[in-house]
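As structure tokens, the structure follows; a few thoughts come after it.
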Amino acid sequence: MSYDDAAAAGEPVIRRYPPLPGLLETATAATMRFALRAFFKSIMKPPLPPQLQRGVLHMLSVVMPGTSGVKVEKIMVGNMTAERITPKGLDKPKHAILYLHGGAFVAGSPRSHRSITTRLAKFANCQVLAIHYRRVPEAPFPAQIEDSVTGYKQLLKDGFKPENIAIAGDSAGGTLTLLVTKALELAGIEGPKCLVMMSPAFDAKLDSQSVKKYRKLDPMINIEWGHQGFTWYRPQHDHPLAFPKRQNLSTLPPTLVQVGEIEVLHDDSVWLAHAAKRFDRHVELEIYQERWHVFQIHAGIMPSATLALQRQAQFLMKQWGA
């Protein structure tokens with residue numbers, strides 16, 4: 001079955017990408033694996049307090065810089081700080097991305113994810129609005145969803161049409177990407193044209209086969225950190241947006257999901273692709289062999305990470321008709 005036939009039939013389009021050849025890719029991947037194990041995975045876990053977890057991720061963002069050729073503005077969106085990122089020379093962007101960062105709902109910020117957001121703005125020739133939504137444990141569910149809806153409404157106020165908007169997110173931000181889309185639907189607000197998710201988390205129990213298989217191999221995520229984040233998130237069991245896997249996907253917009261082959265949340269992405277298939281929705285799943293949780297954050301350093309973001313931009317521009 002061809003790509004177009006599969007998409008028309010509602011089947012998930014699954015692509016598997018081997019590691020890029022060459023010394024630069026091999027060397028940077030090895031360096032990143034070592035650095036993540038030593039300075040991230042071994043630290044980002046209980047009992048490290050949330051304030052220190054945020055500090056660790058902020059310090060690591062220094063070695064994951066944004067790209068040139070874009071303008072980064074710090075703005076307020078409701079009660080939130082945010083970053084508005086626009087390619088230089090693009091005075092009136094037609095398209096926009098609402099970006100929801102990861103960090104187990106505990107850490108992360110627009111600043112920590114500039115290696116992703118600035119490149120998405122540049123590669124897709126669009127504006128990116130990265131919001132600093134409230135985090136746990138200070139603000140449990142559904143604060144993050146409410147703030148993300150506020151971010152989407154800001155794009156509408158700024159004049160962007162829903163058909164020219166995408167929502168994107170990584171890890172916990174990928175979780176929010178799905179839930180915010182459903183929240184907009186429940187509120188009667190026209191949703192985005194398309195979605196992009198990197199290593200989304202859909203199973204709060206974190207007991208899938210990929211968790212069991214890759215919890216030691218994945219150099220990025222300590223599974224105890226994930227359990228801590230979901231525990232602090234505390235979804236209300238009777239809330240319609242409490243559990244991602246209980247969502248009706250019949251109205252899911254075209255979606256691109258990227259996931260590492262050896263990461264603990266691998267199965268969550270596979271679940272979404274096949275669950276959406278049952279509703280005849282268009283989902284493309286890209287599996288990157290030998291890569292880990294949100295490896296795209298190493299864009300600008302590791303060639304495969306940069307290429308993955310370029311593929312995201314190609315998907316977005318195709319959906320927008322740009």
How long is the gap from CG on L309 to OG1 on T118, to the nearest 0.5 Å? 9.0 Å
Quick one: do L90 and V128 end up in the same hydrophobic cluster if we chain Ile, Leu, Val, Met, Phe, Trp and Tyr together by side-chain heavy atoms under 4.5 Å apart? no
Would a 4.5 Å heavy-atom cut-off, applied to side chains only, mark I165 and K161 as touching? no
If you group Ile, Leu, Val, Met, Phe, Trp and Tyr by side-chain heavy-atom gaps below 4.5 Å, do L57 and V62 land in one group? no
Relative to the ring of Y99, is the ring of H113 parallel (under 30°), tilted (30 to 60°) or perpendicular (over 60°)? tilted
Taking salt bridge (charged side-chain N to carboxylate O under 4.0 Å, His left out) as the test, write out the residues that go with E190, two or more places apart. none
Taken to the nearest 0.5 Å, the spacing of Y288 OH from L20 CG works out to 9.0 Å
SB check E263 R215 (cutoff 4.0 Å): no
Are R114 and E83 within salt-bridge range, i.e. N to O under 4.0 Å? yes
Could you tell me whether E286 and R15 have a side-chain N and a carboxylate O separated by less than 4.0 Å? yes
Under a 4.5 Å cut-off applied to non-hydrogen side-chain atoms, are P303 and T28 in contact? yes
Do L249 and L272 make a side-chain contact, defined as non-hydrogen atoms from C-beta onward lying under 4.5 Å apart? yes
Could you walk me through whether R291 and Q296 satisfy the side-chain contact (heavy atoms from CB on, under 4.5 Å) test, starting with their C-alpha distance in whole Å, then the side-chain angles of each, then the deciding distance to 0.1 Å, before giving a yes or no? CA-CA 9 Å; R291 293 296 167 260; Q296 298 89 337; over 6 Å; no
Residue N79 excluded, over 12 heavy atoms near CG under 6.0 Å: no
If you measure only the distance, is there a donor-acceptor pair under 3.5 Å linking the side chains of E261 and W292? no
Do Q314 and F123 make a side-chain contact, defined as non-hydrogen atoms from C-beta onward lying under 4.5 Å apart? no
Rounded to the nearest 0.5 Å, what's the gap from NZ on K216 to NZ on K41? Could you check? 9.5 Å
Quick check, are the ring centers of W232 and F141 under 6.0 angstrom apart? no
If Ile, Leu, Val, Met, Phe, Trp and Tyr residues are connected whenever their side-chain heavy atoms lie under 4.5 Å apart, and connections chain through other members, are M59 and L48 in the same group? no
If Ile, Leu, Val, Met, Phe, Trp and Tyr residues are connected whenever their side-chain heavy atoms lie under 4.5 Å apart, and connections chain through other members, are I301 and F34 in the same group? no
Working to the nearest 0.5 Å, report the span between NE2 of H282 and CG of L256. 8.5 Å
Could you walk me through whether L195 and L252 satisfy the side-chain contact (heavy atoms from CB on, under 4.5 Å) test, starting with their C-alpha distance in whole Å, then the side-chain angles of each, then the deciding distance to 0.1 Å, before giving a yes or no? CA-CA 9 Å; L195 309 177; L252 186 75; 3.8 Å; yes
Less than 4.5 Å apart, side chain to side chain, heavy atoms only: is that true for L307 and Y17? no
Should we say atom NZ of K94 is surrounded by more than 12 heavy atoms from elsewhere, each under 6.0 Å from it? no
Going by atom types alone, do T251 and E185 pair a side-chain donor with an acceptor below 3.5 Å? yes
So which heavy atom on K122 is nearest to which on V70, and how close? CB-CG1, 4.0 Å
Which atom names give the shortest non-hydrogen contact between S42 and K45, and what distance separates them? O-CE, 3.3 Å
For M44 and V56: C-alpha separation, side-chain torsions, deciding distance, then whether side-chain contact (heavy atoms from CB on, under 4.5 Å) applies. CA-CA 8 Å; M44 293 290 277; V56 169; 3.8 Å; yes
Show, in sequence, the C-alpha distance, side-chain angles and deciding distance for H293 and L265, and conclude whether the side-chain contact (heavy atoms from CB on, under 4.5 Å) test is met. CA-CA 7 Å; H293 186 72; L265 298 182; 3.4 Å; yes
Distance, nearest 0.5 Å, that separates CD1 of I145 from NE2 of H239: 6.5 Å
Under 6.0 Å between ring centres, would you say that holds for W271 and F202? yes
Could you tell me whether H58 atom NE2 has more than 12 heavy atoms of other residues or ligands within 6.0 Å of it? no
Report the relative orientation of the aromatic rings in H101 and Y133; use parallel for angles under 30°, tilted for 30 to 60°, perpendicular for over 60°. parallel
Counting neighbours of CZ on F243 that are heavy atoms of other residues, nucleotides or ligands and sit closer than 6.0 Å, is the number greater than 12? yes
Could you point out which residue of T31, I116, L36, V63 forms a side-chain contact (heavy atoms from CB on, under 4.5 Å) with H298? L36
Test side-chain contact (heavy atoms from CB on, under 4.5 Å) applied to M197 and T255, L100, T175, V283, the passing residue: T255
Should we count NZ of K193 as having more than 12 external heavy atoms under 6.0 Å? no
What's the separation between atom CD1 in I297 and atom OG in S115, rounded to the nearest 0.5 Å? 4.5 Å
